[in-house]
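Worksheet: one structure, shown below.
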Amino acid sequence: MESKLMCHDSAIHPLKANDVTVDAAASIVINELQNNFEQCRVMIYGTGNLATKTALKLAELGMHVTLAGRNVSKVTRIVHVLNDILPSHTPLPIQVFQANRTDKVDVLISAISAQKVLDETWLNYLQPDGFALDMGLNNFSEQFIDKILLSERALYRVDIQAKIGTAILDLKTEDYFFSKIRGKIKWLDHTAVAGGIIGNENDVVLNRVTPPYVVIGTSNGTGGLK
């Protein structure tokens with residue numbers, strides 16, 4: 001009730017926090033690896049929303065991505081699906097984690113809801129100059145944390161401040177687009193369209209539906225111009 005008394009003008013915007021977290025994690029990985037992020041090896045522990053979206057995003061950027069989890073059959077199913085989704089030009093398919101692997105990864109990412117699950121044995125898969133990233137909440141055990149810090153390797157937690165500003169700007173951009181750019185109006189005795197709306201034949205196509213206007217052309221009725 002108090003909020004209604006204080007807020008006289010407000011708007012509701014849909015925003016999925018998990019998507020911001022995924023984008024923030026990708027930004028942290030890219031920033032830490034600098035220009036060498038392509039072809040780098042990343043292991044992600046988890047089979048939920050955060051883990052799968054992050055795996056897909058990093059694989060599309062050209063990284064060697066391995067997915068691990070408690071349930072091997074579930075990991076295998078998810079990896080098959082993700083590889084089917086990846087664009088055909090993606091250089092490297094996502095791999096299923098194998099416990100006997102000998103190559104080490106540059107980044108170890110945890111993306112689960114359980115606490116203190118990953119113990120110090122997971123450090124055996126991490127490069128001496130690699131780093132770990134906690135996308136969940138306290139996913140690493142106390143022993144893992146002690147040993148990784150003693151080894152002078154970095155341990156980070158995802159901070160959505162890396163991308164929350166971008167998400168807010170995106171909302172503002174959408175508001176501007178739908179209120180100022182996109183639409184259908186009467187303009188100089190003609191019907192005019194803008195912002196991706198396909199007009200009827202002979203409708204005027206504008207760059208926006210609010211002044212100042214720029215005429216792009218005349219609609220051919222099928223999405224192109226005459």
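The residues of the chain are indexed from 1 along the displayed sequence.
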Practice item. Report yes or no: do Ile28 and Val42 belong to one cluster of Ile/Leu/Val/Met/Phe/Trp/Tyr joined by side chain heavy-atom distances under 4.5 Å? Key: yes
Check your understanding: CG of Leu108 to CG of Asn124: how many Å apart, nearest 0.5 Å?
Key -> 11.0 Å
Review point. Given the rule that I, L, V, M, F, W and Y join up when any side-chain heavy atoms are under 4.5 Å apart, are Leu133 and Leu149 in one cluster?
Key: no
Review point. Does a side-chain heavy-atom distance below 4.5 Å link Val205 with Leu225?
Key: yes
Donor-acceptor contacts, no H, no angles, side chain residues 71-79, under 3.5 Å, sequence neighbours left out:
{"from": "Asn71", "atom 1": "OD1", "to": "Ser73", "atom 2": "N", "distance (Å)": "3.2"}
{"from": "Asn71", "atom 1": "OD1", "to": "Ser73", "atom 2": "OG", "distance (Å)": "2.6"}
{"from": "Asn71", "atom 1": "OD1", "to": "Lys74", "atom 2": "N", "distance (Å)": "3.1"}
{"from": "Thr76", "atom 1": "OG1", "to": "Val72", "atom 2": "O", "distance (Å)": "2.9"}

Point to revise | Pairs flagged by salt bridge (charged side-chain N to carboxylate O under 4.0 Å, His left out) wherever residues 93-106 is involved - sequence neighbours left out | key: Arg41-Asp103, Arg101-Asp103
Practice item. Check whether any side-chain heavy atom of Leu155 sits under 4.5 Å from a side-chain heavy atom of Ile145, and report yes or no. Key: yes
Point to revise | Those residues that, when tested against Glu174, pass salt bridge (Lys or Arg N to Asp or Glu O under 4.0 Å) (two or more places apart) | key: none
Distance-only criterion, 3.5 Å: show the donor-acceptor pairs between side-chain atoms of residues 207-215 and protein atoms not counting sequence neighbours.
{"from": "Asn207", "atom 1": "OD1", "to": "Val214", "atom 2": "N", "distance (Å)": "2.7"}
{"from": "Arg208", "atom 1": "NE", "to": "Thr210", "atom 2": "O", "distance (Å)": "2.8"}
{"from": "Arg208", "atom 1": "NE", "to": "Thr210", "atom 2": "OG1", "distance (Å)": "3.3"}
{"from": "Arg208", "atom 1": "NH1", "to": "Tyr176", "atom 2": "OH", "distance (Å)": "3.2"}
{"from": "Arg208", "atom 1": "NH2", "to": "Tyr176", "atom 2": "OH", "distance (Å)": "3.2"}
{"from": "Arg208", "atom 1": "NH2", "to": "Thr210", "atom 2": "OG1", "distance (Å)": "2.9"}
{"from": "Thr210", "atom 1": "OG1", "to": "Lys180", "atom 2": "O", "distance (Å)": "2.8"}

Exercise for review: Give every residue pair that meets the ring pair (Phe, Tyr, Trp, His ring centres under 6.0 Å) criterion with at least one member in residues 136-160, sequence neighbours excluded.
Suggested key: Phe131-Tyr156, Phe140-Phe144
Study note, to complete from the structure: Heavy-atom closest pair (Ser219 atom, Gly221 atom, distance to 0.1 Å) is OG-N, 3.0 Å
Under 3.5 Å donor-acceptor pairs involving side-chain atoms of residues 184-201, not counting sequence neighbours:
{"from": "Lys186", "atom 1": "NZ", "to": "Thr191", "atom 2": "OG1", "distance (Å)": "3.2"}
{"from": "Glu201", "atom 1": "OE2", "to": "Lys226", "atom 2": "NZ", "distance (Å)": "3.1"}

Study note, to complete from the structure: Using a 4.5 Å side-chain heavy-atom cut-off and chaining through intermediate ILVMFWY residues, the residues clustered with Leu137 come out as none
Check your understanding: Val65 and Leu33: same hydrophobic cluster, using ILVMFWY side-chain contacts below 4.5 Å?
Key -> yes
Exercise for review: Starting from the C-alpha separation in whole Å, work towards a yes-or-no answer on side-chain contact (heavy atoms from CB on, under 4.5 Å) for Ile30 and Met63.
Suggested key: CA-CA 10 Å; Ile30 293 170; Met63 299 186 193; 4.3 Å; yes
Practice item. To the nearest 0.5 angstrom, please state how far the CD1 atom of Ile148 sits from the CG atom of Leu123. Key: 5.0 Å
Review point. Distance from Arg157 atom CZ to Asp134 atom CG, nearest 0.5 Å?
Key: 5.0 Å
Check your understanding: What pairs of residues pass the ring pair (Phe, Tyr, Trp, His ring centres under 6.0 Å) test when at least one of them lies in residues 44-63, not counting sequence neighbours?
Key -> Tyr45-Trp122
Review point. Checking Thr90 side chain against Leu92 main chain: does a donor-acceptor pair fall under 3.5 Å?
Key: no
Check your understanding: Roughly how far apart are Asp203 CG and Thr218 OG1, rounded to 0.5 Å?
Key -> 9.0 Å
**Study point:** Leu86 and Leu56, any side-chain heavy atoms less than 4.5 Å apart
**Key:** yes
Check your understanding: Near Gln34 CD, under 6.0 Å, is it more than 12 heavy atoms from other residues, nucleotides or ligands?
Key -> yes
Exercise for review: Using a 4.5 Å cut-off on heavy atoms from C-beta on, say whether the side chain of Leu58 contacts that of Ile94.
Suggested key: no
Exercise for review: Heavy atoms only: give me the nearest Pro91-Gly62 pair and the separation to one decimal.
Suggested key: CG-CA, 3.8 Å
Study note, to complete from the structure: Contacts satisfying salt bridge (charged side-chain N to carboxylate O under 4.0 Å, His left out) that involve residues 48-59 (not counting sequence neighbours) are Asp19-Lys53, Asp23-Lys57
Study note, to complete from the structure: Taken in chain and number order and not counting sequence neighbours, the residues that satisfy side-chain hydrogen bond (donor to acceptor under 3.5 Å, both in side chains) with Asp146 are none
**Study point:** Residue pairs passing the salt bridge (charged side-chain N to carboxylate O under 4.0 Å, His left out) test where at least one lies in residues 112-129, sequence neighbours excluded
**Key:** Lys116-Glu142
Point to revise | Exercise: do Ser110 and Asn139 side chains pair donor with acceptor under 3.5 Å | key: yes
Exercise for review: Verify side-chain contact (heavy atoms from CB on, under 4.5 Å) between Met43 and Ile109, making sure each step is shown before the conclusion.
Suggested key: CA-CA 6 Å; Met43 184 187 299; Ile109 300 175; over 6 Å; no
**Study point:** Shared hydrophobic cluster for Val22 and Val107 (ILVMFWY, side-chain gaps under 4.5 Å)
**Key:** yes
Practice item. Taking salt bridge (Lys or Arg N to Asp or Glu O under 4.0 Å) as the test, write out the residues that go with Lys147, two or more places apart. Key: none
**Study point:** Same cluster (ILVMFWY, side-chain, under 4.5 Å), Ile112 and Leu67
**Key:** no
